[in-house]
2 protein chains.
Amino acid sequence: MKIEEKTMDGRYLRSIMTRQKLLDAARELFYEVGFEKTTISKIIKRAKTGYGTAYVHFKGKDELLIMLMENVMQAFLDMADTPFLPTSKSDAKQLILKQVTAFLNMAKSNEKIMTVFSEAIGLSQSVNEKWNEIRQINIHFITKDITYAQTMGLARTDLQAEIVAKSWFYTNENYQWAIIQNATTSSIEDIAWTITTMYVDGLYLDFEQ
Amino acid sequence: MKIEEKTMDGRYLRSIMTRQKLLDAARELFYEVGFEKTTISKIIKRAKTGYGTAYVHFKGKDELLIMLMENVMQAFLDMADTPFLPTSKSDAKQLILKQVTAFLNMAKSNEKIMTVFSEAIGLSQSVNEKWNEIRQINIHFITKDITYAQTMGLARTDLQAEIVAKSWFYTNENYQWAIIQNATTSSIEDIAWTITTMYVDGLYLDFEQ
DNA sequence: TTATAATACTGACACCGCGTCAATATGTTT
DNA sequence: AAACATATTGACGCGGTGTCAGTATTATAA
């Protein structure tokens with residue numbers, strides 16, 4: 001089988017190992033000194049490879065980070081299209097609260113890499129583009145959810161779904177960065193509850209029944 | 001008079017001119033090729049001065065931009081402590097709508113420099129710090145306004161003022177960047193109205209009177 | 001087994017941007 | 001016109017980037 005042939009190829013194995021050594025070294029350095037202060041020279045020195053080798057495996061520092069982010073990025077994308085089919089305002093609130101909490105907790109539990117990522121968003125074109133993808137996809141799904149709630153007669157229809165969706169995502173995103181930087185005194189639960197309450201009470205309709 | 005003496009000093013006058021030439025060249029280049037691609041070499045070449053001269057007048061590229069931003073920064077700060085003394089929910093809504101509209105319009109009318117600024121926030125430590133000052137001051141005043149509304153019995157008290165304030169500022173800020181990047185199809189009026197409505201309806205209390 | 005091909009690794013090199021500073025030019029005062 | 005004060009200058013050292021011709025290692029063919 002071709003796969004086995006390739007696995008058995010000593011050169012291929014070696015290149016996989018080298019690649020991994022570079023990824024490990026890069027991760028360590030990103031955590032220790034941040035994205036900007038990490039250089040290719042430092043990475044290859046720690047990985048014990050030659051300078052040019054880094055460029056054989058990756059386009060540069062940016063790509064190294066993007067590879068390290070793959071898992072987290074995928075988690076963000078998976079999270080975006082969680083089913084959302086509320087039957088009432090309180091049901092919606094519960095679902096949204098759960099999702100916000102999950103979103104903020106995911107950021108918190110990937111604190112280290114997210115910190116590097118947030119630094120790199122400003123510094124690297126390609127990292128910035130990656131994050132914008134996640135933004136767009138999230139906003140798209142939130143818009144869909146709002147439209148659904150409006151169709152079901154749960155949410156007011158005088159508000160444009162997309163504008164609301166952006167506003168809601170921005171709030172979540174910014175709290176995410178704040179939490180990662182420990183720039184907030186409130187707990188995740190308090191934050192999640194507060195912003196969810198405001199969001200739901202601002203968007204959803206009340207029924208006296 | 002000392003001022004006149006200084007004005008009459010040819011050396012001082014020359015240095016003022018040189019400084020201005022550098023600022024002009026920097027502005028042009030920032031607009032033409034952005035912050036990152038503008039270099040000191042390009043600036044001094046356009047300003048027709050020697051290389052070291054730029055460093056006599058400014059610490060570097062960052063400071064050049066900060067000087068160019070001075071007016072806009074001041075406008076942001078002035079805007080932050082606009083008096084806010086609403087007597088009712090609808091009064092509050094009107095005041096807030098006015099302020100949001102002003103905020104977004106200010107960004108739009110300073111589009112070029114704000115675009116450079118947003119690029120530089122990720123790239124330059126000092127520019128980032130400057131913007132964070134503006135963030136903090138704004139959040140401080142918004143918190144104060146919310147607390148006032150709560151004291152007056154206009155806004156619900158089960159929400160923590162500071163969390164709400166941050167969330168509100170983040171929304172405004174992100175729409176500001178979106179507008180500057182033309183990353184939005186909605187008009188400023190629609191955006192301002194939608195986010196204000198959500199905000200006010202989520203935070204303020206209704207009275208049946 | 002040995003020659004040849006394929007693949008992976010390497011570091012010297014050319015380039016670019018930064019900030020400094022000793023030297024120089026220009027303007028002012030005595 | 002000498003001495004002083006101030007402003008300007010560009011060559012230099014530093015550190016980062018990405019490339020590429022050459023070298024080493026492994027696989028395959030003869």
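Here is the naming used below: chain letters follow the sequence lines, and residue numbers restart at 1 for every chain.
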Passes salt bridge (Lys or Arg N to Asp or Glu O under 4.0 Å), A/E32 versus A/K42? Steps please. CA-CA 12 Å; A/E32 286 170 25; A/K42 289 179 188 166; over 6 Å; no
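Direction of the helix axis in the helix from C/dT1-D/dA30 to C/dT30-D/dA1 shifts by 30° between the two five-pair termini, rounded to 10°.
The side chain of A/V56 lies closest to C/dT10, out of D/dT26, C/dT10, D/dT8.
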Any N/O pairs under 3.5 Å between the protein and nucleotides 2-6 of chain C? List them or say none.
residue, atom, partner, partner atom, Å
C/dA6, N3, A/R11, NH1, 2.8

Report all interatomic pairs (protein N or O, nucleotide N or O of nucleotides 15-18 of chain D) with separations under 3.5 Å.
residue, atom, partner, partner atom, Å
D/dT17, OP2, A/I40, N, 3.4
D/dG18, OP2, A/Y55, OH, 2.6
D/dG18, N7, A/Y51, OH, 3.2

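B/Y31 has its side chain out of reach of B/T38: every pair of non-hydrogen atoms, C-beta onward, lies at least 4.5 Å apart. With contacts defined as side-chain heavy-atom distances shorter than 4.5 Å, the pair A/I96/A/W168 qualifies. Using a 4.5 Å heavy-atom threshold, the side chains of B/I40 and B/Y55 count as touching.
The interatomic distance linking B/Y12 (OH) with C/dG27 (P) rounds to 17 Å, in whole Å. Put simply, CE on A/M17 is 11 Å from P on C/dC9, counting in whole angstrom units. Between B/R19 atom CZ and D/dT6 atom P the separation is 18 Å, expressed in whole Å. Atom CD1 in A/I16 sits roughly 15 Å away from atom P in D/dT26 (whole-Å rounding). We find that NZ of B/K45 is positioned 12 Å from P of C/dC16, with the value rounded to whole Å. Residue B/E63 contributes atom CD, which lies 11 Å from atom P of C/dG19 at whole-angstrom precision. In this structure, B/E36 atom CD and C/dC16 atom C1' are separated by 13 Å, rounded to whole Å. Rounded to an integer number of Å, the gap from CG of B/L64 to P of C/dC18 is 11 Å.
Annotation for A/E28: atom CD counts as buried by contact number, over 12 foreign heavy atoms lying within 6.0 Å. Residue A/Q94 qualifies as open at atom CD: its count of foreign heavy atoms under 6.0 Å is 12 or below. More than 12 non-hydrogen atoms from other residues, nucleotides or ligands lie less than 6.0 angstrom from CD of A/E111. Within a 6.0 Å radius of NZ in B/K48, no more than 12 heavy atoms belonging to other residues, nucleotides or ligands are found.
With sequence neighbours excluded, the residues that form a salt bridge (Lys or Arg N to Asp or Glu O under 4.0 Å) with B/D158 are B/R156. Shown here are the side-chain hydrogen bond (donor to acceptor under 3.5 Å, both in side chains) partners of B/E70, two or more places apart in sequence or in another chain: there are none.
In this model, the phosphate group of D/dA7 is approached by a side-chain N or O of B/S15 to a distance below 4.0 Å at OP1 or OP2. Residue A/H57 places no side-chain N or O under 4.0 Å from the OP1 or OP2 atom of C/dA8.
Ring pair B/F117/B/F35: centre-to-centre distance not below 6.0 Å. Between B/Y170 and A/Y175, the distance separating the two ring centers is shorter than 6.0 angstrom.
For the pair A/D24 and A/R27, the salt-bridge criterion is met [side-chain N within less than 4.0 Å of a carboxylate O].
DNA chain D is contacted by no residue of residues 23-31 of chain B, taking any non-hydrogen atom closer than 4.0 Å.
B/Q74 and B/D78 share a donor-acceptor pair across their side chains, judged by distance under 3.5 Å alone.
Here A/T53 lies in heavy-atom contact (under 4.0 Å) with a base.
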